[in-house]
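I have placed the structure first, in the form of structure tokens, so that the comments after it can refer back to it.
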Amino acid sequence: MRVTAAVLLVLCLLAISHAWDCREIVNIKNLMQIDAGLGQVVATDTSQIPYYLVGDKWIRLPGSLKHITVGPAGIWGVNKADSIYKYVAGNWVQAAGLLKQLDAGGEQFNVGANMDDTPFCLTRSATVGYKGPGSPIPWTGLPGAVKYYSCGPFGCWAVNKNDDIFLMSLNQDCQNNGWSHIDGKLSMIEVATDGSVFGVNSAGSVYTRDGITASKPEGTGWSNIPMSMRMSHVTYDLGRLWVVSKSAVTMVCTP
């Protein structure tokens with residue numbers, strides 16, 4: 001039997017695995033998406049209700065959002081119409097533009113992708129200084145096409161419609177060096193505040209990228225994190241891995 005490079009990659013991914021201890025979160029149901037950063041956790045459920053975690057209690061936030069993110073850039077979200085909002089003084093204020101997915105994990109700058117898979121970046125000064133309508137909101141279009149996009153201290157990671165994985169160096173002024181292709185296939189990807197990278201593939205398997213450092217932002221390879229069910233979304237912060245299954249069960253895992 002001929003073993004192709006793709007098969008060898010899959011075998012290697014399966015052979016390398018990290019054991020985590022996971023428990024189901026029973027006081028929140030039907031989550032669709034979750035994001036953690038800087039010690040904070042936010043989420044949206046299948047009814048597009050946003051939540052903020054305080055202790056072990058999920059506090060309902062105002063509004064209706066299909067995607068929410070938290071990080072050095074603050075708390076931002078998008079609704080079912082792709083309208084963009086920032087959480088300011090306990091309320092959502094709308095920002096100009098349309099995005100289907102948004103990430104606040106960069107060094108106080110925002111990134112996101114629109115319905116046409118065009119990636120965008122909002123500079124640090126515009127992100128931090130945004131107070132509501134009237135504040136400047138100069139979104140910068142970036143090269144390529146991505147469906148999901150997330151940033152951390154060592155770079156920005158993204159996946160496209162074919163589940164191909166890419167890495168970009170991006171600074172607070174949205175200056176970049178273009179995308180570099182990374183091995184593997186993932187349907188979504190998240191970068192933690194400490195630079196850790198986690199993702200889920202189309203089969204619902206969870207992976208983490210090994211060997212990421214400031215001098216080697218691309219890391220060295222993928223390791224599988226075994227799960228008891230098929231997952232759809234993952235995020236990580238301060239030693240806790242938060243995962244949402246395809247059946248909307250939410251779990252938190254520790255190494």
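Keep in mind it's a predicted model, so treat the numbers as computed, not measured. Each residue takes its place number in the sequence, starting with 1.
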Between Asp116 and Thr118: side-chain donor-acceptor atoms closer than 3.5 Å: no
OG-CD distance between Ser196 and Glu190, expressed to the nearest 0.5 angstrom: 12.0 Å
Set of residues satisfying salt bridge (Lys or Arg N to Asp or Glu O under 4.0 Å) with respect to Asp237, sequence neighbours excluded: none
ring-ring contact (aromatic ring centres under 6.0 Å, His included) partners of Trp58, counting only residues at least two apart: none
Between Thr69 and Asp35, a side-chain donor and acceptor under 3.5 Å: yes
Those residues that, when tested against Asp45, pass salt bridge (Lys or Arg N to Asp or Glu O under 4.0 Å) (two or more places apart): none
Just distance, no hydrogens or angles: give the donor-acceptor pairs under 3.5 Å from side chains in residues 161-170, sequence neighbours left out.
| residue | atom | partner | partner atom | Å |
| --- | --- | --- | --- | --- |
| Asp163 | OD1 | Lys147 | NZ | 2.7 |
| Asp164 | OD1 | Lys185 | NZ | 2.7 |
| Asp164 | OD2 | Asn160 | ND2 | 3.3 |

Test side-chain contact (heavy atoms from CB on, under 4.5 Å) applied to Lys100 and Asp117, step by step: CA-CA 9 Å; Lys100 64 178 180 180; Asp117 288 354; 2.5 Å; yes
Check: Trp139 side chain, Gly112 main-chain N or O, donor-acceptor pair, under 3.5 Å: no
Side chain to side chain contact (heavy atoms under 4.5 Å, CB included) against Cys253, all qualifying residues, sequence neighbours excluded: Trp20, Cys22, Met227, Leu241, Val243
Approximate separation, where rounding is to 0.5 Å, of Gln33 CD and Thr46 OG1: 12.5 Å
Under the side chain to side chain contact (heavy atoms under 4.5 Å, CB included) test, residues paired with Arg240 that sit two or more places apart: Trp242, Val252, Thr254
Residue pairs passing the ring pair (Phe, Tyr, Trp, His ring centres under 6.0 Å) test where at least one lies in residues 59-97, sequence neighbours excluded: His67-Tyr148, Tyr87-Trp92
Closest non-hydrogen atom pair between Phe109 and Leu122, with its separation: CB-O, 3.1 Å
Chi angles and distances behind the side-chain contact (heavy atoms from CB on, under 4.5 Å) call for Asn224, Ser205: CA-CA 7 Å; Asn224 175 244; Ser205 299; 4.1 Å; yes
Donor-acceptor pair, side chain of His233 and main chain of Met32, under 3.5 angstrom: no
Ile137 versus Ala96, closest heavy-atom pair with distance: CG2-CB, 3.5 Å
Greater than 12 external heavy atoms within 6.0 Å of Met229's CE: yes
Qualifying residues under side chain to side chain contact (heavy atoms under 4.5 Å, CB included), relative to Phe154, sequence neighbours excluded: Ile212, Ala214, Pro217
Closest heavy-atom pair and its distance - Ser232, Ser245: OG-O, 3.4 Å
Set of side chain to side chain contact (heavy atoms under 4.5 Å, CB included) partners for Ser180, sequence neighbours left out: none
Side chain to side chain donor-acceptor pair (under 3.5 Å) between Tyr52 and Gln40, intermediate numbers included: CA-CA 8 Å; Tyr52 184 93; Gln40 303 173 85; 2.9 Å; yes
Stepwise side-chain contact (heavy atoms from CB on, under 4.5 Å) check, Leu99 with Asp82: CA-CA 5 Å; Leu99 294 173; Asp82 291 351; 5.8 Å; no
Contacts of type salt bridge (Lys or Arg N to Asp or Glu O under 4.0 Å), residue Lys216, not counting sequence neighbours: Glu218
Flag, side chain of Thr193 to backbone of Leu38, donor-acceptor distance under 3.5 Å: yes
Remaining members of the apolar cluster that contains Val26, side-chain heavy atoms under 4.5 Å: none
Full working for side-chain contact (heavy atoms from CB on, under 4.5 Å) between Asn114 and Leu98: CA-CA 6 Å; Asn114 71 7; Leu98 296 172; 5.7 Å; no
Output side-chain donor-acceptor pairs under 3.5 Å for residues 101-108, partner residues at least two apart or in another chain, one line each.
| residue | atom | partner | partner atom | Å |
| --- | --- | --- | --- | --- |
| Gln101 | OE1 | Tyr149 | N | 3.0 |
| Gln101 | NE2 | Tyr149 | O | 2.7 |
| Asp103 | OD1 | Ser150 | OG | 3.1 |
| Asp103 | OD2 | Gly105 | N | 2.9 |
| Asp103 | OD2 | Cys151 | N | 3.1 |
| Gln108 | OE1 | Arg124 | NE | 2.8 |
| Gln108 | OE1 | Arg124 | NH2 | 2.7 |

